[in-house]
Each structure stands twice: as structure tokens, then as C-alpha cells.
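Right, one structure below, let's go through it.
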Amino acid sequence: MLTKYMKPFAGLFLCLITGTGVFAQTGRFQQAVDYQMEVSMDVKTNRYTGTQVLTYTNNSPDTLNRVFYHLYYNAFQPGSMMDVRSRTIADPDRRVGDRISLLTPEEIGYLHVKSLTKDGKAVKFNEEETILVVDLDQPILPNSKATFKMAFEGQVPVQIRRSGRDSEEGVRYSMSQWYPKMANYDEQGWHANPYIGREFYGIWGDFDVKITIDKTYTIGGTGYLQNPNEIGHGYEDAGVKVPQPKGNTLTWHFKAPMVHDFMWGADPKYQHDKVQMDNGITVHHFFIPGENTSENWEKLKEYTPKAIEYMSKNFGQYPYKQFSVVQGGDGGMEYAMSTLITGERSLGSLVGVMVHELAHSWYHGVLASNESLYPWMDEGFTSYATNLTMGEIFREGVENVHAGSYRGYISLAKSGLEEPMSTHSDHYHTNRAYGSAAYSKGAVFMEQLGYVIGKEVRDRGLLRYFNTWKFKHPNANDLIRIMEKESGIELDWYKEYFVYTTKTIDYAIGPVEARGDQTAVTFQRIGLMPMPLDIVVTYKDGAQEQIYMPLVIMRGEKANEEGMPKRVYTEDWPWVNLEKTIVLDRKLEDIQSIEIDPSKRMADVMPENNKVEF
Ligand SMILES: [Zn+2]
């Protein structure tokens, strides 16, 4: 069904997506890929065979004697690193637990490369579980291209985590991480991490994918369908009569420009709904109709376009012409131009997971920081964007949309389990430490940054960050430099403390003493992380004054923010001082209250000592 979604937003153009290998402003480089794949799925055995032609461009200054491919499906086998890790981590993920260890030969996943050539000559390759190691007799020289041709075969594992077949909700195929995928090589070298169920990092390029499958199946996922009027299944143009296919299969031809992954979901029961937005973007929904889905997925057709509009306005223009929400997987997971989410949810949960996975299009899809090294720059900023978008389109009237993220972080900080956000996502000791750091503390990082440099400056900085670093894999320093340039404030200390350490923030109001007609108020830094302070003094006559104490090391001040009283005292706080006393020009008995950070954006782990009332 095609519905029209009204309410255009002004000035929206689909940006031209271009990839340049080397970017002058940084001296950095990035590799490029171009995949052509043909794959054929046997829906009885759940096995597939495929061919892949990969044109690889080495934009690095280095000569590459080896390359690595990910073979993710080999993780779904008893005894794999993912199996061992999932069973032995202190707080196992319920979705995985010991399930991999119990898979039978028909239920496991595998992905094997049968043959591989580079530039027409066979190369030596060795499968090391989820990584294929390829030794090159003829290296790939700097600034040159190589063409790899391979044949591969796979078996789709029973749905355990993210990808798989026959999910609990009855979706036949959630095809993510399904093809041999070149590992990324960047200024920090190779990133051939064995897959243990966490994060991803890919290379941008153009994908041309042909999928042959039983003709009753509907496919949704990454990429623009090239032959909609031959395929039908809801893709055909209005009024077109789709010819009956000869034989039992159809070959679906997709193209996806400038993406770093390719996902597809397939099921014979999918209902396919299309919503055409006025800005040229088509939203596709694929779900299995039923009592627990149909009503809410019908309502979702209103929310997905609204979310795309809001996010494009606030976080940067969505650069593709299509977004597909596909029922599948085991929760929600982001992919290029698409997401796999479980579908039998309450409306709030369905909208929430769609919004979260859609928000990943900005931080995972288009900025695409190395998620293994900087999971907080993806999950955290995605959670931040989700909080705001949900507050706008679904949870109107909620006072503090980020409250849950603050609670999650502060609870972790007090638990004794916290590890620095700079921890590689595979190597956190517990799932909780990873989850609360990446999602909650990452979101707090961004909202609290608004406290440090001002909300409006942070908002502008976030757009500038997107527009400067889209399709370039920014790291933590790239983000902080943008925010420094936008604010004129030095922020290295903020990144160092909040990302690389587990030091916490705790400021307090100490003694308040009468000094004749004046009042001396002492503020204390108890926590090890220094922060600037916004303090509001409220007098019994209703007047309010602000004390602003930026840190000396900021070498600047934020502008006074909307809704804050006039700054009567501005004084730098050298972070080495544990105390600072301010003398107010009014009597103690005039004062009603003194409060540190009434906006509550500073993640003070002990907010109880932030306010005194008289
Ligand atoms: Zn996420």
C-alpha cells in the first residue's frame, strides 16, 4: 500500500554522496570497496552459494601484503570464541547464553570461501574461525586497485543473535553479516577483530547484489531494487501488472551506493507497506501480519517519516532515498539504509526501537566511527538522538528526556563495575559495563557537553560534526576539535576525564556564613573530575542571581543560556583547588536557596549536596 506523508520540510535536497579516499584536512586516508555479488538461497536446506567480485582500492601510503575478510557466520558454532565468551562472561546476555553450544550441524551457521583470486591469480587463504587471512604474493601497492574474485557458501544459523533463520516471531531469514566482508584498514592499521557478538566497522563502497530465492519470498533491506516491475511484491510502480515468473525462483537485483554493509530480510509472509515522503525518501515496512503486529505497524507508518524529518533537521540530512524497517533479528539492529527489529511489541516499544535504529543511520551509517574502539560515539550519540526524537514525536511533555541515560550512567559509576569508555567494546569485563558506558554514558557525554559549552553551541557543533565528518570515520578527537572550534573553549580535559577515566563528578555546597551585610558561600569539589559550575542563588524577595565558575583550563566561557538568571559573579576555578568561596552582596537571612546546576545536565553522582535551602 502506498500512502502519502504530507508536511515537507524546507530546503531538503538529497545530497550527492561522494567518497574521496584521502582527505586533505587531516592527512588521513580511507580504503574503498566495490562489491558485486550473486547469491542463491535454498529455502529447504537454508544453505546458500554465492560469488563475489570485490574491487578494492588501497588509498593508504602502505603496501599491503595481507588482507582479511570477516566470516561472521562461523561464530555460530559450538566452541567458537563467541560461544565461549557468551557462556563465560560474568553476566551473560540472555539471548545468547549457552545456545550456541547446543546447535546441531543443521542449526549452526557457517561461511566458507571456496576459491579466491586476486587480479586473476589464485591466492593462499586460511580460515581462522570468523576471519579469513589472505596472504598476497603480489602485494597491493599504495594508491592502487586490486580485484578479488571468490566463490563462497554458507549456512544460515538458527536465530541466536542479530542474524539467523526462523526467529521466535517466525521470520524465516534475517540476513545480516552473511557475506565475506573485507576488514577495514585505516591509520590505526588492520581491524580484523574476531566476531564475539559486539560491534562492526566497515569500508564504504557501492554494492551490487543479486539474490535468487523462492518466488514466494518478499525481500526487504539495504539497497534500491533495480527490477521492481519484474519482481512485484509491493515494489512495482503503481498500475504495473507484474508478469508471472517462469520457474520457482525470482532474482532480486539491488544496488546500494556508499554504504558499508548490506543486509536483507526475507519471508513469504511479509506484508510490504510503502510510504512516499514529500522529500523524495521512500520508507518501507516489512512485517508478518497478525494480532501482535498489524495494528501497531500500521501506526508506525506515521512515525518513521516523522522521525526521519526530525533527525534530518537536527542531526544532519539523511543522505539516502530509502529507509526500510524489517521485522527480524532479536531486538533491534542497525544496517545501511535499514534495520532489523522484532515486531511483536507495544506501540511505544515499536516506535522506540525504530527510532533508535534509525538514529544509527547518522552515527553508525554515515559517520561510522570505528564502533569497536568508540562504541559510545555510536550507541551513545544514537541514544542521545533517540531520547530527543522520542521526546518530540512520541513522549511529548516529558520533562527530561535524558533522565534514563543519566540514571544508567550514575548507577554504573556507583556499582564499582565501571570501565573507561575508551575500552575496546569486545574487551569490557561485563555486559553491563559495556552497555551502560556505551549507551548511557555516551548519551550523557553529549547532553553534558551542552552544559559545558551551552546548548545552542552544542547543537550547532553536532550539525557541523556531521557535515564535516560524514563518510570519514571520525574518532573521539575529531569530535572534540569540532566542539572546540564551535565554542572557542578548550575541551581536551572533558574528553580525557569522561572518556579515558572512570573519575566521577561531585560538587557540593559547603559552609554558608554571614559576614555583616554580606554572605560567604563555599563550594567544594569532592569528585575527581573537574567541571564548570552554574549556580543559582534565589532570594526571599524572588530575585535570582547566577554565579558562573568556568574552569581555568577551558580558556573561555559559555554564553549565558536561555532561562538562566543574570550572571552577577563570574570567576574561574583552577581545578587544583578543592574549595572556592564567593562573597554575595546580600545578607544571609535574605537567601532562600543556593543550587548548583539547576538544569541537572552535570552528571553529579551525589546530587543531594548540590542545593541548600534556608
Ligand atoms: Zn544501538
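Both ligands and their constituent atoms are indexed starting at 1 by order of listing.
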Residue from Trp362, Tyr439, Trp376, Tyr374 passing ring-ring contact (aromatic ring centres under 6.0 Å, His included) with Phe381: Trp376
Output field: ring centroids Tyr303/Phe394 closer than 6.0 Å: yes
Which single N/O/S atom of Glu379 lies at minimum distance from the Zn ion (ligand 1)? OE1
Within less than 2.8 Å of the Zn ion (ligand 1), any N, O or S from His356? yes
Please work out which of the three classes, parallel, tilted or perpendicular, describes the rings of His272 and Tyr235, given edges at 30° and 60°. tilted
Strictly under 2.8 Å, is any N, O or S atom of Glu357 next to the Zn ion (ligand 1)? no
Parallel, tilted or perpendicular: which one describes the rings of Phe262 and Trp178, with boundaries at 30° and 60°? perpendicular
